[in-house]
Amino acid sequence: ETGVTQSPTHLIKTRGQQVTLRCSSQSGHNTVSWYQQALGQGPQFIFQYYREEENGRGNFPPRFSGLQFPNYSSELNVNALELDDSALYLCASSLAITDEQYFGPGTRLTVT
Amino acid sequence: GDSVTQMEGPVTLSEEAFLTINCTYTATGYPSLFWYVQYPGEGLQLLLKATKADDKGSNKGFEATYRKETTSFHLEKGSVQVSDSAVYFCALSDHKYSSASKIIFGSGTRLSIRP
């Protein structure tokens with residue numbers, strides 16, 4: 001069984017640019033959640049997608065947006081990048097009926 | 001809103017020492033509680049969980065008991081190993097709004113074990 005995978009592993013962008021991060025959920029999981037983990041802090045919930053619809057959002061501005069595809073893979077898009085967006089972005093997949101989330105290895109985004 | 005407060009690190013212990021990492025939570029409902037571990041350069045791994053009061057989660061020698069009366073979920077291990085060196089996150093799951101849940105994390109405790 002394949003676990004949660006994320007791409008790319010690392011990314012460097014310039015302030016003001018846009019970025020897309022990708023996540024493939026674990027087989028059979030129809031829910032994907034995204035988290036931002038700043039250096040030295042715990043992950044913060046960005047949003048969650050369930051069967052291609054946004055199903056809950058944390059305290060992040062609209063320039064953070066997402067998609068979920070029919071195969072339940074997902075994208076996180078961030079527009080107008082700011083220096084404070086530098087972080088590890090974690091994707092987690094789960095079955096909708098349980099709260100056990102399985103995390104991917106993350107994408108390290110650096111904004112300069 | 002719901003929140004998790006955990007013991008600040010870093011914590012440095014000698015191998016075979018007893019470990020306690022304190023965690024308390026604030027929640028209006030009846031959350032599930034978790035401990036996650038993050039090894040250097042890796043993502044998060046679920047270490048253990050408890051879904052209701054007085055439940056004890058355990059895994060790899062680690063234990064934590066869901067104490068509703070003290071709103072706590074302290075992580076313990078009787079004899080730590082060098083391989084336990086990692087960052088540990090206490091977390092709770094918010095069930096309020098949907099069948100799928102978001103996880104609220106503490107700030108993490110870095111644990112280093114000396115040989």
Side-chain angles (χ1 to χ4, degrees), chain A residues 3-7 9-10 21 23-26 29-60 66 68 72 74 87-108, chain B residues 1-10 21 23-25 27 29-52 55 57 59 66 73 86-111:
Chain A
V4 179
T5 60
Q6 294 186 241
S7 62
T9 305
H10 296 91
L21 311 182
C23 171
S24 292
S25 58
Q26 189 162 318
H29 288 186
N30 57 17
T31 303
V32 172
S33 304
W34 286 92
Y35 294 81
Q36 180 195 65
Q37 186 180 11
L39 196 62
Q41 297 183 24
Q44 299 288 319
F45 175 74
I46 303 175
F47 44 56
Q48 184 175 79
Y49 278 82
Y50 170 62
R51 293 187 176 179
E52 304 178 59
E53 297 286 332
E54 188 177 290
N55 180 43
R57 188 178 183 92
N59 189 26
F60 281 81
Q68 188 179 31
Y72 303 133
S74 177
L88 180 68
Y89 288 85
L90 295 166
C91 165
S93 74
S94 60
L95 295 172
I97 59 173
T98 176
D99 53 19
E100 185 155 348
Q101 298 187 8
Y102 295 82
F103 284 81
T107 294
R108 173 74 62 189
Chain B
D2 295 356
S3 65
V4 175
T5 302
Q6 67 181 100
M7 180 174 166
E8 289 201 14
I21 300 178
C23 171
T24 58
Y25 68 91
Y30 301 93
S32 294
L33 302 175
F34 308 88
W35 278 99
Y36 281 85
V37 58
Q38 188 171 38
Y39 297 102
E42 299 185 14
L44 292 169
Q45 298 178 26
L46 178 64
L47 180 60
L48 54 84
K49 70 175 183 180
T51 57
K52 62 183 186 297
D55 269 2
N59 186 26
Y66 190 145
F73 193 56
V87 180
Y88 291 81
F89 293 94
C90 185
L92 67 82
S93 177
D94 174 4
H95 292 277
K96 289 193 187 65
Y97 303 114
S98 69
S99 59
S101 306
K102 70 176 182 180
I103 299 177
I104 296 169
F105 289 88
S107 57
T109 302
R110 182 175 298 280
L111 174 66

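Lettering of chains follows the sequences in order, A, B, ..., and the numbering in each one begins at 1. What you are looking at is a predicted structure, and each value in this text was computed from that prediction instead of being measured. These numbers come from the heavy atoms of this one structure, side chains and all, not from hydrogens, waters or symmetry mates.
- With rounding to the nearest 0.5 Å, the separation of CG in B/Leu46 from CZ in A/Phe103 is 9.0 Å.
- The two residues B/Lys102 and A/Gln48 come nearest to each other via the heavy atoms N-NE2, 4.4 Å.
- Here the CZ-CD distance, from B/Phe34 to A/Glu100, works out to 7.0 Å after rounding to the nearest 0.5 Å.
- Summarising the local packing, CD of B/Glu8 is surrounded by 12 or fewer heavy atoms from other residues, nucleotides or ligands at distances under 6.0 Å.
- Heavy atoms of B/Gln38 lying under 4.5 Å from chain A belong exclusively to its side chain.
- If you measure heavy-atom distances from A/Phe47 to chain B, you find no contacts under 4.5 Å at all.
- If you take CG on A/Leu90 and OH on B/Tyr36, they are separated by 11.0 Å, rounding to the nearest 0.5 Å.
- Contact detail for B/Phe89 and A/Gln37: the closest heavy-atom pair is CZ-NE2, 3.2 Å.
- In the displayed structure, B/Arg110 atom CZ is contacted under 6.0 Å by at most 12 heavy atoms of other residues, nucleotides or ligands.
- For B/Leu44, the parts sitting under 4.5 Å from any heavy atom of chain A are the backbone and the side chain alike.
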